[in-house]
Trainee: 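I'd like to ask some things about the structure below.
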Number of protein chains: 2
Amino acid sequence: MSDDIGKLNMPAVVLVRPQMGENIGAAARAMLNFTLDHMRIVAPRDGWPNPAAVAMASGAGRVLDAAQLCADLPDVLADCDYVYATTARGRDLTKPVFSPEAAMGDAAKRIKDGQRVAVLFGPERAGLENDDVARANAIVTVPVNPEFASLNLAQCVLLMGYEWMRASAEVTDQTVEMAGTDWAKGQDIEHLAGHFEDRLDEAGFFFPEHKAQSMKINLRNMWSRMPLTRADVQMLHGMMRQMVRWKERD
Amino acid sequence: MSDDIGKLNMPAVVLVRPQMGENIGAAARAMLNFTLDHMRIVAPRDGWPNPAAVAMASGAGRVLDAAQLCADLPDVLADCDYVYATTARGRDLTKPVFSPEAAMGDAAKRIKDGQRVAVLFGPERAGLENDDVARANAIVTVPVNPEFASLNLAQCVLLMGYEWMRASAEVTDQTVEMAGTDWAKGQDIEHLAGHFEDRLDEAGFFFPEHKAQSMKINLRNMWSRMPLTRADVQMLHGMMRQMVRWKERD
């Protein structure tokens, strides 16, 4: 992911494996209604650029023009400090669960502190997979009628945008103090997770076979939920390297 | 207007001179997402019932089935105690102007007091006329991007529904929660820290000697700062045990 966006003063809207171009265009409109114009797209089903998206976006076409296309989620999150995953249903992953209002209030504070923030939206039909959610720091769930919960992609983006605009208006005149902490970024966590996963795989940790995938997701989820500093990440890398040296010593 | 609705425990959604049937259907869906199911329709352009509305509503068809058709606005408002008019732009009318949140908070209080409340939405193209707005008690305006304000009818209904559900449920879940989480206790963390420290000591991690103490402190500090669950702690113990087995294997 090229680091060409400078200071991002709003959450990035990340569409993960979107299906219909029309929905991408409608999401762009929903974003721009509430001043969001930084879109990232991960592996769109119908390729990119997408004429159906452009047709639907009409006045919000510039959001699509500036959208960043990424091959996978780790790529898209590499430069992000904090990531919210929108999900309709509860997950078995231990993560903070925010309402849209609380999430965007939190995002506004983080952005004011100079952090980069992203919100993930899953594919239209099935939503985000657990593997996607495991890479986020927190979950956002819109409280809907449990007997009729049919929010589409653009509506979900619309509600988050609405809360973003409310939150950013409130935070602008508050002073939020800067924490001097050097937090690990998305790509640091990704490398750390990959390092541990590889070594533990060699060591035969992910056993039995049929549980390996969920063990890996739980581990990913743990890393992304932890408030790790760069120093923590270095220490954890060092621990693992030392265990390997220890094994190889005799 | 027949008085057959008894005590109305939610705001009536009043579509004033709606044009496209599809938009009426989409409004019904948006309503039901947030538990609103009392719709009133004033002088729809294409008559009533409207097959295009039914097709679009799909799972929310019962909102349309129960919708009340009225000839004009005075008729529809006859049984209402308090009426909010949604408008995109400011009007030259002296009226209280609410945000969606404030309006629905106000509505929830009135309904609790036994009042009947309605929210007016204008025709797609031009919105409510001043003559309509003049019949309302208050104005509601959604704060949108002044450079791109393209909310459609169903989106406007969606945002009001969202605020209604928050207000009525008194969704005070602004507090972040991690539902059902079994957090590790102090002694669990202590055992974990001790386990890692012992094994890492054997492995020669705390090196050079004069830095060993501060490295141990940093590690302890990291564990105690992390929001670890019991499951996380078990996984971390398991990781370390597996590394030892791996070492001892050959």
Side-chain angles (χ1 to χ4, degrees), chain A residues 29-30 32-35 58-60 90 94-102 105-106 138 142-145 147-151 154-155 158-159 162 165-166 169 196 199-200 202-205 207 215 218-219 222 225-229 231-232 235-236 238-240 242-247 249, chain B residues 29-30 32-35 58-60 99-101 142-145 147-151 154-155 158-159 162 165-166 169 171 173-179 181 196 199-200 202-205 207 215 218-219 222 225-229 231-232 235-236 238-240 242-247 249-250:
Chain A
R29 294 182 66 84
L32 201 52
N33 270 310
F34 294 111
T35 71
S58 69
T94 301
K95 297 256 190 241
V97 178
F98 286 92
S99 67
E101 181 182 29
D106 184 65
V142 180
V144 285
N145 180 357
E147 289 163 31
F148 187 81
S150 75
L151 290 183
Q155 288 175 321
L158 185 85
L159 290 170
Y162 168 76
M165 193 156 159
R166 296 199 326 128
F196 268 66
R199 289 297 90 70
L200 289 168
E202 285 182 69
F205 176 66
F207 182 87
M215 290 173 79
N218 284 338
L219 187 56
M222 186 188 76
R225 189 161 48 74
M226 297 296 144
L228 293 167
T229 64
D232 292 334
M235 180 165 56
L236 289 162
M239 280 167 47
M240 185 48 89
Q242 188 62 31
M243 296 308 287
V244 173
R245 270 186 225 111
W246 186 46
K247 174 191 165 49
R249 199 176 299 150
Chain B
R29 294 181 66 85
L32 201 52
N33 270 310
F34 295 110
T35 70
S58 67
S99 68
E101 183 183 29
V142 180
V144 286
N145 180 357
E147 289 164 29
F148 188 82
S150 76
L151 290 183
Q155 288 174 322
L158 185 84
L159 291 169
Y162 168 77
M165 192 154 158
R166 297 204 318 132
V171 184
D173 70 337
Q174 297 315 314
T175 50
V176 177
E177 54 163 63
M178 299 213 207
T181 303
F196 268 65
R199 290 296 91 70
L200 288 167
E202 284 182 66
F205 177 66
F207 181 86
M215 289 172 79
N218 284 338
L219 188 55
M222 186 188 76
R225 188 161 48 74
M226 297 295 145
L228 292 168
T229 64
D232 291 334
M235 180 163 60
L236 289 162
M239 279 167 46
M240 184 50 89
Q242 187 62 29
M243 296 307 288
V244 172
R245 271 186 224 112
W246 187 45
K247 174 191 166 51
R249 198 174 303 151
D250 36 23

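The sequence lines fix the lettering, A, B, ..., with proteins before strands; numbering per chain opens at 1. Computation of the quantities below employed the complete heavy-atom set of this structure, encompassing side-chain atoms and omitting hydrogens, waters and symmetry-equivalent molecules.
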Trainee: In Å, rounded to the nearest 0.5 Å, how long is the span from CE of Met240(A) to CG of Leu200(B)?
Mentor: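 Spacing of CE (Met240(A)) from CG (Leu200(B)) equals 10.0 Å.
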Trainee: Checking heavy atoms, do the side chain of Ala138(A), its backbone, both or neither come under 4.5 Å from chain B?
Mentor: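 When you check distances to chain B, no heavy atom of Ala138(A) falls under 4.5 Å.
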Trainee: Is the backbone of Ala203(A) close enough, under 3.5 Å, to the side chain of Arg249(B) for a donor and an acceptor to pair up by distance?
Mentor: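 Checked: pair present.
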Trainee: In terms of heavy-atom proximity below 4.5 Å to chain B, should Phe205(A) be classed as side chain, backbone, both, or neither?
Mentor: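 The answer is both parts of Phe205(A).
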Trainee: For side-chain contact (heavy atoms from CB on, under 4.5 Å), just list the numbers for Met239(A) and Phe196(B), CA-CA rounded to whole Å, side-chain angles, deciding distance to a tenth of an Å, and then say yes or no.
Mentor: CA-CA 9 Å; Met239(A) 280 167 47; Phe196(B) 268 65; 3.4 Å; yes
Trainee: Hey, what do you get for OH (Tyr162(B)) to CD (Glu101(A)), rounding to the nearest 0.5 Å?
Mentor: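 Output value for this atom pair is 6.5 Å.
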Trainee: If every non-hydrogen atom of Asp232(B) is compared with every non-hydrogen atom of Met226(A), which pair is closest and at what distance?
Mentor: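 That would be OD2-CE, 3.9 Å.
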Trainee: With a 4.5 angstrom heavy-atom cut-off, is it the side chain or the backbone of Leu236(A) that approaches chain B, or both, or neither?
Mentor: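 Only the side chain of Leu236(A) comes within 4.5 Å of chain B.
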Trainee: Minimum heavy-atom separation for Gln155(B) and Asn33(A), please, with both atom names.
Mentor: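 In terms of heavy atoms, the two residues are closest at OE1-ND2, 4.5 Å.
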Trainee: So what's closer than 4.5 Å to chain A heavy atoms on Ala231(B): side chain, backbone, both or neither?
Mentor: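 When you check distances to chain A, no heavy atom of Ala231(B) falls under 4.5 Å.
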Trainee: I need the Asn145(B) CG to Phe34(A) CZ distance, nearest 0.5 Å.
Mentor: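 Answer rounded to 0.5 Å: 9.0 Å.
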Trainee: How long is the span from the CZ atom in Arg29(A) to the CG atom in Leu151(B), to the nearest 0.5 Å?
Mentor: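 Arg29(A) CZ to Leu151(B) CG: 9.5 Å, rounded to 0.5 Å.
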Trainee: Given a strict heavy-atom distance threshold of 4.5 Å, which part of Asn218(A) is in contact with chain B: side chain, backbone, both, or neither?
Mentor: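 For Asn218(A), backbone and side chain are both near chain B.
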Trainee: With only heavy atoms counted, which part of Glu202(A) is less than 4.5 Å from chain B, the side chain, the backbone, both or neither?
Mentor: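 Backbone plus side chain of Glu202(A), per the 4.5 Å heavy-atom cut-off to chain B.
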Trainee: If you define the side chain from C-beta out and look only at heavy atoms, does anything of Glu147(B) sit under 4.5 Å from Thr35(A)?
Mentor: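 When only atoms from C-beta onward are counted, Thr35(A) and Glu147(B) do not touch, as no gap falls below 4.5 Å.
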Trainee: Which heavy-atom pair separates Leu228(A) from Met222(B) by the least distance, and what is that distance?
Mentor: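 It is CD2-SD, 4.3 Å.
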Trainee: Can you tell which of Val142(B), Val244(B), Leu159(B), Thr229(B) has the highest number of heavy-atom pairs within less than 4.5 Å of chain A?
Mentor: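 Ranked by heavy-atom pairs under 4.5 Å with chain A, first place is Leu159(B).
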Trainee: Tell me which of these, Arg199(B), Gln242(B), Met243(B), has more heavy-atom pairs under 4.5 Å with chain A than the rest.
Mentor: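 The answer is Gln242(B).
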